[in-house]
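What follows is a single structure, written as structure tokens, with notes after it.
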Amino acid sequence: MSNNATQLIHSIPVDPLTGAIAVPIYQTSTFVQDAPGVNKGYDYARTGNPTRGTLEQVIAQLENGHTGIAFSSGLAAIDAVLKLLESGDEILAVDDIYGGAFRLFTHIYRKFGITVNYTDTTRIENVFNAVTAKTKLIWIETPTNPTLKISDIEAIAGIARANHCLLCVDNTFASPALQQPLLLGADLVVHSATKYLGGHSDLIAGLVVTREKELGEKIKFIQNASGAILSPFDSWLVIRGIETLHLRIKQHGINAQVVAEFLTTHPDVENVYYPGLKTHFNHGIAARQAKGFGGIVSFTLKNDTEKAATSFVTSTRYFKLAESLGGVKSLLCHPAQMTHKSIPAEQRRAAGVADSLIRLSVGLEEVSDLVHDLDRAFTSLHSTPSKNKTVTA
Ligand SMILES: *Cc1c(COP(=O)(O)O)cnc(C)c1O
């Protein structure tokens, strides 16, 4: 099934009770019953809430899955998927993984006897070689955070199937407007809806979508049993964000392509990471499995030091220095000191996150203003540092 703007906009239903075109916010904790166990489909709002339920249906449709399940954060969504596992199971994960997922795997799940092997999943033979009899879950992000590595979802899904393990794709960077991993054979998709789905840097939310009903029931059970549900208001905000997802993603991609091409020409830049560049290692796979390349661009400086990177990220005007991504306003961050601080330096570098790597979340401003902003920050790298540098707000 195609996933176009029409499908996206009309996946959000009109309220059957009143005809309200916007989804009502059911701000309630419980639902009155006619007799014990006799209700209108809802009994307690941790178990089910109509506003959250609408979001869960919408995301299931957009990802072409069976069941959508909404959580209070992207990490709560990832946590719910991990709770499918048992002590002794192994996870095979992409090496350039989101820092928070790494922390969860390492510091929480390891003590429950779940181990994680990391490999560069951009080469299919690495996945093939790293799967063991104990592997129960293959975990990939594509594109990855922050080096925009691309893995072949369909090929990895084939390996997962042959080895009777699940494939979960963190689809945060692409969003369902660009990429639908379940159609390529993945079993589960997770999202930090905090990013492109919400789209306005005003909420924290997570989503899981399963391809099959049975797996959906298991995650729903975990959602209710562990309780990290998304609130009705935040569910409503994500639905509202989704209404413009196609439009935003399209422009993020156009702007990011311009920014990436500008960076490749700049003498201070060592490497540019963007799947939309023909020089990207897996550009061909990205072009085949996604409808676009997204809004995140990373690059390293010729002067590969934290000091130079710090100077750069404090010199921009429109690119605001902040963690997170996927909003209307451009952001930039220095992963080594921010999002990826919890990964040991050695392992971080081995995964390609250099000391000077800077990640841009290219927003929806005029792209010429964004290019000019970056250009000015490069210039400031060469000016004599002043002690009380002011950053224009
Ligand atoms: C932000 C992010 C997460 C975590 O989501 P939160 O909503 O911050 O909990 C997971 N995966 C990726 C790829 C992310 O960018």
Side-chain angles (χ1 to χ4, degrees), residues 55 59 63 69-83 91 93-109 116 118 121 137 139-151 153 168-176 178-179 181 186 188-209 223 226 228-231 234-235 237-238 241-242 249 252 256 273 275 290 293-298 322-327 331-335 338-343 348 351-353 357 359-363:
L55 170 62
I59 192 64
E63 287 286 6
I69 312 100
F71 294 90
S72 54
S73 71
L75 273 171
I78 295 171
D79 184 67
V81 173
L82 261 67
K83 284 177 175 148
I91 303 169
V94 61
D95 55 358
D96 181 31
I97 195 170
Y98 174 69
F102 176 86
R103 184 176 50 207
L104 179 68
F105 291 2
T106 309
H107 296 291
I108 306 287
Y109 280 95
V116 190
Y118 295 95
T121 58
L137 177 65
W139 189 279
I140 60 170
E141 300 170 23
T142 180
T144 59
N145 179 17
T147 61
L148 288 305
K149 285 184 178 176
I150 299 292
S151 296
I153 298 171
C168 182
V169 179
D170 184 332
N171 205 26
T172 298
F173 271 37
S175 92
L178 297 182
Q179 179 171 281
L188 302 124
V189 160
V190 301
H191 280 285
S192 170
T194 310
K195 316 293 169 53
Y196 287 107
L197 291 169
H200 295 76
S201 310
D202 53 9
L203 61 94
I204 300 283
L207 297 165
V208 177
V209 186
Q223 179 197 39
S226 288
I229 49 157
L230 191 62
S231 76
D234 286 347
S235 297
L237 276 175
V238 177
I242 285 174
I249 282 282
H252 281 297
Y273 304 93
F293 306 106
I296 309 299
V297 180
S298 293
E323 295 194 5
S324 201
L325 55 101
L331 299 178
L332 87 177
C333 91
H334 183 221
M338 297 166 72
T339 51
H340 287 58
K341 210 177 162 181
S342 57
I343 303 181
R348 167 175 59 73
V353 184
L357 186 117
R359 186 188 74 192
L360 305 176
S361 172
V362 181

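What you see is a predicted model; the values in this text were computed from it and never measured. Atoms within a ligand are numbered from 1 in the order they appear, just like the ligands themselves.
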Legend entry - Gap separating the CG atom of Asp79 from the CZ atom of Phe105, nearest 0.5 angstrom: 10.0 Å

Inset, instruction - Kindly determine whether Lys149 and Thr121 satisfy side-chain contact (heavy atoms from CB on, under 4.5 Å), including the steps that lead there. - result: CA-CA 9 Å; Lys149 285 184 178 176; Thr121 58; over 6 Å; no

Inset, instruction - Distance to 0.1 Å, residue and atom name: give those for the protein heavy atom nearest to atom 7 (O) of ligand 1. - result: Thr194 OG1, 2.6 Å

Legend entry - Nitrogen or oxygen atoms of Leu75 and ligand 1 under 3.5 Å apart: yes

Inset, instruction - Number the atoms of ligand 1 from 1 as they appear, then name those within less than 4.0 Å of a heavy atom of Asp170, with their elements. - result: 10 (C), 11 (N), 12 (C), 13 (C)

Inset, instruction - For residues Leu331 and Glu323, report the shortest heavy-atom separation together with the two atoms involved. - result: CD1-O, 3.8 Å

Legend entry - ligand 1 atoms in contact with Ala205 (distance to a heavy atom under 4.0 Å): 7 (O)

Inset, instruction - Among Thr142, Ile296, Val297, Leu148, find the one that has a side chain to side chain contact (heavy atoms under 4.5 Å, CB included) with Pro275. - result: Leu148

Legend entry - Shortest protein contact, atom 14 (C) of ligand 1 (heavy atom only): Lys195 NZ, 3.0 Å

Inset, instruction - May I ask you to establish whether Lys83 and Phe71 are in a cation-pi arrangement, using a distance under 6.0 Å from NZ or CZ to the six-membered ring centre and at most 45° from the ring axis? - result: no

Legend entry - Tyr98 backbone acceptor or donor facing Glu141 side chain under 3.5 Å: yes

Legend entry - Per-atom contacts of ligand 1 with Gly74, taking only distances under 4.0 Å to non-hydrogen atoms: 5 (O), 6 (P), 7 (O), 9 (O)

Legend entry - Taking atom 5 (O) of ligand 1 as the reference point, the nearest protein heavy atom with its distance: Ser192 OG, 3.0 Å

Inset, instruction - Just jot down the ligand 1 atoms closer than 4.0 angstrom to any heavy atom of Phe173, in number order. - result: 15 (O)

Legend entry - Minimum-distance protein heavy atom relative to atom 4 (C) of ligand 1: Tyr98 CE2, 3.4 Å

Legend entry - Candidate list Leu197, Asp234, Leu207, Ile69, test side chain to side chain contact (heavy atoms under 4.5 Å, CB included), partner Leu55, passing option: Leu207

Legend entry - Polar proximity ligand 1 side, Glu141 side, N/O cut 3.5 Å exclusive: no

